[in-house]
Amino acid sequence: MTNDIPQHRYDARLANEIEARWQDRWDAERTFWAPNPTGLLSEGAERASGRDPVFVLDMFPYPSGAGLHVGHPLGYIGTDVYARYQRMNGKNVLHAMGYDAFGLPAEQYAVQTGQHPRITTEANIATMRRQLRALGLGHDSRRGPATTDPAYYRWTQWIFLQIFNSWYDFEADRARPIVELVPILAADPEVGWEDLDAHARRELVDSFRLAYLSEAPVNWCPALGTVLSNEEVTADGRSERGNFPVYRRPLKQWMMRITAYADRLLADLDLLDWTESIKLMQRNWIGRSTGASVDFAVVGHDDVISVFTTRPDTLFGATYMVLAPEHPLVDVLVPGEWPGATLGEELSDIPAAWKGIFGAEVGPAAAVRRYREFAAGKSDLERQSEGKDKTGVFTGAFAINPVNDERIPVFIADYVLMGYGTGAIMAVPAHDQRDFEFAREFALPITCVIQPTDVWMLEHRCDLDPGEWPEAYGGDGVGMNSANADVSLDGRHVADAKVAITDWLTTNQLGESTINYKLRDWLFSRQRYWGEPFPIVYDEFDMPRAVPESMLPVELPEIIDFEPEIVEDSAASVPAPPLSRAEAWTTVDLDLGDGEGTKTYRRELNTMPQWAGSCWYYLRYLDPTNEDQFVSPDAEQYWMGDGPGGIDLYVGGVEHAVLHLLYARFWHKMLFDLGHVSTPEPFQRLFNQGMIQAPAFTDERGIYVEATTVVERDGAFFAGDEPVRREFGKIGKSLKNMVTPDDIFRDYGADSLRLYEMSMGPLDASRPWSTRDIVGVFRFLQRLWRNVIDEDTGALCITEAPADDETRRILHHTIAGMREDMPTMGFNTAVSKLITLNNHVTQVSARDGGASRDVIEPMVLMLAPLAPHIAEELWSRLGHAETITYEDFPVADPGWLTVDEVEYPVQVNGKVRGKVTVATDADQAVVEAAARADV
RNA sequence: GCGAGCGUGGCGGAACGGCAUACGCGCCGGGUUUAGGACCCGGUCCUUUCGGGGAUGAGGGUUCGACUCCCUCCGCUCGCACCA
């Protein structure tokens, strides 16, 4: 059988054999253990001295039961290539992988099977570890905690207690321990500390904590049986997970005071090497805007309506006010009857439309109630289709515009949101498009107070009468109709007028300059089983008390039924945490060490959201086995303590642009304020890898058919004989287009998969998966193998003679190019450069009967970060005993980068008209000749 | 609606303002082979009277020279979306 595949060809079988062998050897030799300077993980520290620390981090995965598909490891391979490259440049590289293992899917699976989530979670982690190991990822296996490990969440709870026991000192602009607050409160005469009893004092102190209980309206999702953070609710009021209705209702829940950090979270983005688009998403989410608060007195009431506006300069043009339907003042303001004839002349007849959309024959209380029901009951679909159509109802109340004492009606309308600003606005229809539309709908007066530009009036074919305008004028201009006895904005430009009116408001105690944020405090509790228990108990006054650090972790109790209480789908339903079923656990006898001795306390039954564990996992990687501290200062400073952000490279999906990345920055800053970490930011350089999409196929009914059954014939696609339509989408079970790494390992080996994923395009771009294309990089590895190893005998087939000059030139250009591409994650072009070099070497080898060791060895070294197994194997067969991992990456010799001869394209009027080849040292002569030439 | 990004062969994609289409897939031809290809060699943007000419979404501009910089438009993707 001489025609069989040669015995020593690099095929899938050989690749698999090589890969398994080297993975075992890396484990046995602890190749990727990164030594800490001191402590439990300091083995090998002397070897690492003189090596700079580099911390490379992936966004750690949720251990799903489905295992990996080929889209998952894209970023992991990228970081591994980068990490291996850094090792070959003399760095001490920390690269590890943990698991974000709390969360809904494990819990739901447990519900279905009756198996404890811990069992399924551990099984899933084992599967993922196997798959990641098979990719040849060089992780330090000691440093991969799961957030569900009690030894891990003990410290999550510890960090929670740090937050609970802190307050924000706005003067110092940082968090401080709560014990430092008491003397400050006691010294403040306005507080009246001496007059407060112990209970009142504790209530006051609790109100300052960075983690606090609040009964504010929260996002309640009955279908999921839990409350959700703002970040987990979509714009149309549904749950991000499952797309179920979400209701705003007041519930007593844990909050984190992230708003205290809004400015720093915003400002410190400037310190980071992140893409502008991600920074922008965070800026938009924080939503800082400057303006003024203005207080409007209400006719016949002591209450004032406080509003936030970015346009205080238009205050004279405020002709009505609007409260959000849920605004607490509404109930107070609504009179028993419509004001009717008691109104001023121009308002003596209330237009029927003001009394609500359900007919005029009801009083204001009923009209308001009906409108509130209408607004609350709007489905997302209705909201979408209504678009910007303005609805609302008159409350029957009037406010006084403080600048001109005009009486203006107060409406409620759902275009004003309770969640932003004060939940109330002054409406300036002439200069705000939404107010303009509402005023038109309800026949409200429109007063122009900023003179539009001539161009604008020309374009809109109108003059200064806003009654004729097609839309509001929102641009710059000078003030008009804006003067009272005290202050005049007439003739002043917008910016100038803002300052003038804000000063006037401040002087008269009617308002002040204000900064407002879209960012809300972070709702931090969930009604779930599979999450971190809070280290909190409640005393006989129902007040929260911290569980002492010495009693951590507060472990999850065993229960049989994990199912969240799925309650009736309505806003009125109440959440019921699953932990309430652990009856023996819900109360506990404790001595909190506060001198009160052992008492019975009631436990907090909510659990933390999944984000909690991911807020600080990178810190635990640094010192995962430390039982005394969440991380030792030595380890923290060694790996993180350089630059404003500690982590040298953080790679993950763009879907975490706000949620995880904002929460983690927030926690890191608190830990920084409290002296537990040494950098103000965690992630110095952020890189978002793209998403791999795969073809999916639908039949005529639009149903997905298993992608593996589809064949291509003449450019069309068929499942059996039935024609199907191709689209590209997220890889997974739902589109029936799953491609697993295991399939690719079997057919090509891990090195080919790595190389393919790195070569298919820029790492930050999304691109379609194409299994067919893998053969390209596979052939490259085969050719490269063949340039070193005789396929028939398995012997080395290189020569010891020096390489020719042209080969050297190409080699050194390749080295220089690789050294540009690797640090910038330009792996696709790095691979193409290696292929180009190898193609040349293949030709030379055929011509000369073997390629020179001079070029083969650097080529294998350059391949090592990308395809480490085959590189190790060839390196070893080339006669090296040690792993290639810590060999030096080749350095280009500048002497070979300059060329002796250069081909000049000769252009005439920008068109290439010919080429000439001249000696490089004639360069100057060419330039001079060109200068002399009369073109 | 607002904001950001992107448009290059049949496909994935290369290209400091200086030879457009590197590298790979696919396809075509040839070799080796009983055969097969995950082997080897060569070819593969359009057009051509074989001298050339034309192509980077469309149109304009800057420049000796534009895929690259500027303007307008078209298309796609992503984010936010009544944020006062």
Side-chain angles (χ1 to χ4, degrees), chain A residues 2-3 5-6 9-12 234-236 275-285 287-289 291 307-312 314 318 321-322 324 383-384 386-390 413-417 419-428 431-435 437-438 516-519 654-655 657-658 691 712 715 747-748 752 755-756 759-762 764-783 786 791 820 826 828-839 842-843 846 903-915 930 935:
Chain A
T2 51
N3 295 319
I5 291 167
R9 169 163 294 179
Y10 182 80
D11 57 10
T234 59
D236 52 5
T275 60
E276 271 311 306
S277 69
I278 299 284
K279 288 186 181 183
L280 197 62
M281 284 165 73
Q282 294 224 341
R283 287 191 189 111
N284 289 341
W285 190 265
R288 182 185 201 267
S289 50
V307 304
F308 171 76
T309 176
T310 55
R311 295 294 305 273
T314 63
M321 301 191 78
V322 185
R383 242 179 255 177
Q384 300 260 320
E386 281 171 22
K388 286 192 183 322
D389 285 356
K390 294 292 179 289
D414 64 359
Y415 83 91
V416 173
L417 311 171
Y420 183 75
T422 63
I425 61 158
M426 65 176 210
V428 184
H431 305 293
D432 180 283
Q433 185 59 25
R434 296 151 301 172
D435 298 345
E437 287 162 12
F438 190 85
N516 192 60
Y517 300 92
K518 268 160 72 177
L519 184 69
V654 72
E655 66 272 18
V658 279
M691 190 170 57
E712 184 176 356
D747 295 341
Y748 300 98
S752 289
L755 220 40
Y756 171 64
S759 71
M760 58 199 293
D764 53 2
S766 292
R767 48 284 182 53
W769 176 265
S770 173
T771 301
R772 190 173 71 176
D773 290 2
I774 297 172
V775 71
V777 292
F778 183 66
R779 284 172 184 154
F780 157 60
L781 291 180
Q782 272 188 336
R783 283 197 298 270
R786 204 157 39 230
E791 284 190 331
E820 275 183 33
N828 55 327
T829 49
V831 172
S832 86
K833 281 166 186 151
L834 269 184
I835 295 177
T836 306
L837 171 64
N838 186 58
N839 287 350
T842 304
Q843 285 185 348
E903 196 180 47
Y904 274 88
V906 177
Q907 297 181 1
V908 178
N909 292 333
K911 301 285 183 201
V912 180
R913 294 293 167 178
K915 294 168 184 175
V935 181

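Keep in mind it's a predicted model, so treat the numbers as computed, not measured. Hydrogens, waters and symmetry mates are skipped; everything else that's a heavy atom, side chains included, is used. Per chain, numbering begins at 1; letters A, B, ... match sequence-line order.
- Residue A:N839 is classed as a sugar-phosphate contact, given heavy-atom separations below 4.0 Å to backbone atoms only.
- Checked against B:C39, B:G12, B:C23, the side chain of A:R9 finds its nearest nucleotide in B:C39.
- Note on A:S759: nothing from the nucleic acid sits closer than 4.0 angstrom, heavy atoms only.
- When the P atom of B:G24 is taken as reference, atom CG of A:L834 falls 12 Å away, rounded to whole Å.
- A:D747 comes within 4.0 angstrom of nothing in the nucleic acid, heavy atoms only.
- With C1' as the reference atom, B:G9 and B:C67 are 14 Å apart, rounded to whole Å.
- With B:A84, B:G13, B:C39 as the candidates, the nucleotide lying closest to the side chain of A:V416 is B:A84.
- A side-chain donor-acceptor contact under 3.5 Å links A:S289 and A:Y420.
- At the heavy-atom level, A:S770 lies nowhere under 4.0 Å from the strands shown.
- For A:N828, a side-chain nitrogen or oxygen approaches OP1 or OP2 of B:A14 to under 4.0 Å.
- Between B:U63 and B:C70, the distance separating the two P atoms is 16 Å to the nearest Å.
- Pairing of B:U77, defined by two Watson-Crick or G-U wobble distances under 3.5 Å, is identified with B:A4.
- Among the atoms of the strands shown, none is found under 4.0 Å from any heavy atom of A:R283.
- The partner of B:C67 is absent, by the rule that a Watson-Crick or G-U pair needs both atom distances under 3.5 Å.
- The separation between A:W769 atom CH2 and B:C25 atom C1' is 13 Å, rounded to whole Å.
- Residue A:W285 contributes atom CH2, which lies 22 Å from atom P of B:C2 at whole-angstrom precision.
- Rounding to whole angstrom units, CD of residue A:Q843 and C1' of B:C41 are separated by 10 Å.
- The partner of B:U49 is absent, by the rule that a Watson-Crick or G-U pair needs both atom distances under 3.5 Å.
- Relative to the side chain of A:V775, the nucleotides B:A38, B:A4, B:A14 differ in distance, and B:A38 lies closest.
- Judged by the 6.0 Å distance and 45° axis criteria, A:K390 is not positioned over the aromatic ring of A:F438.
- Atom CD of A:Q782 is separated from atom C1' of B:C39 by 8 Å (rounded to the nearest Å).
- Listed nucleotides B:C23, B:G13, B:A84 differ in distance to A:I835; the shortest reach to its side chain belongs to B:C23.
- In this structure, the side chain of A:D435 engages the main chain of A:V428 through a donor-acceptor pair within 3.5 Å.
- Using a 4.0 Å heavy-atom distance criterion, A:V307 is classed as making no nucleic acid contact.
- The separation between A:R288 atom CZ and B:C80 atom P is 22 Å, rounded to whole Å.
- The nucleotide B:A38 finds no pairing partner, because no Watson-Crick or G-U wobble arrangement with both distances shorter than 3.5 Å includes it.
- The P atoms of B:G31 and B:U47 are separated by 28 Å, rounded to the nearest whole Å.
- Separating the CG atom of A:D11 from the C1' atom of B:C39 is a distance of 13 Å, rounded to the nearest angstrom.
- We find the CG-NZ distance between A:N284 and A:K279 to be 14.0 Å, quoted to the nearest 0.5 Å.
- As judged by a 4.0 angstrom heavy-atom cut-off over every strand, A:L280 is placed among residues touching the sugar-phosphate backbone only.
- Between B:G52 and B:C39, the distance separating the two P atoms is 38 Å to the nearest Å.
- Against the 90° criterion about 0, the sugar-base torsion of B:G59 places it in the anti range.
- The phosphate of B:G26 (OP1 or OP2) has a side-chain N or O of A:R779 nearer than 4.0 angstrom.
- Look at the P atom in both B:G36 and B:C45: the space between them is 28 Å, to the nearest Å.
- Atom C1' of B:G51 sits at a distance of 39 Å from the matching atom of B:C73, rounded to the whole Å.
- Rounding to whole angstrom units, OH of residue A:Y748 and C1' of B:G24 are separated by 13 Å.
- Nucleotide B:G52 is shown with an anti base, its glycosidic torsion being more than 90° from 0.
- For B:C46 and B:G10, the P atoms lie 8 Å apart once the distance is rounded to whole Å.
- Scanning atom types as modelled, no donor and acceptor separated by under 3.5 angstrom connect the side chain of A:K833 and the base of B:C23.
- Between A:R311 and A:T314 there is a side-chain heavy-atom pair separated by less than 4.5 Å.
- Take the nearest nucleotide of RNA chain B for A:M760 and for A:I774: the residue whose nucleotide is more 5' is A:M760.
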(message) Apply salt bridge (charged side-chain N to carboxylate O under 4.0 Å, His left out) to residues A:E820 and A:K833 and explain how you reach the verdict.
(response) CA-CA 11 Å; A:E820 275 183 33; A:K833 281 166 186 151; 5.9 Å; no
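- Proximity note for A:K518 (side chain, C-beta onward) versus B:A38, B:C80, B:A15: the nearest is B:C80.
- Relative to the side chain of A:T836, the nucleotides B:C23, B:G24, B:C39 differ in distance, and B:C23 lies closest.
- Comparing A:T309 and A:Y10 by the nucleotide of RNA chain B whose heavy atom lies nearest to each, the residue mapping closer to the 5' end is A:Y10.
- Between A:Y756 and A:W769, the ring planes lie perpendicular to each other; the angle is over 60°, past the 30° to 60° tilted range.
- Relative ring orientation between A:Y748 and A:F778 is described as perpendicular, the plane-to-plane angle rising above 60° on a 0-90° scale split at 30° and 60°.
- With contacts defined as side-chain heavy-atom distances shorter than 4.5 Å, the pair A:T842/A:R786 does not qualify.
- Picking from B:A84, B:C23, B:G79 the nucleotide with the shortest atom distance to the side chain of A:M281 gives B:G79.
- With B:A22, B:C82, B:A38 as the candidates, the nucleotide lying closest to the side chain of A:F778 is B:A38.
- The pairing partner recorded for B:G12 is B:C23, the criterion being a Watson-Crick or G-U wobble arrangement whose two distances lie under 3.5 angstrom.
- Comparing B:U68 with B:G1, their P atoms are spaced 27 Å from each other, to the whole Å.
- The side chain of A:K390 approaches B:C82 more closely than any other nucleotide in the set B:G24, B:A84, B:C82.
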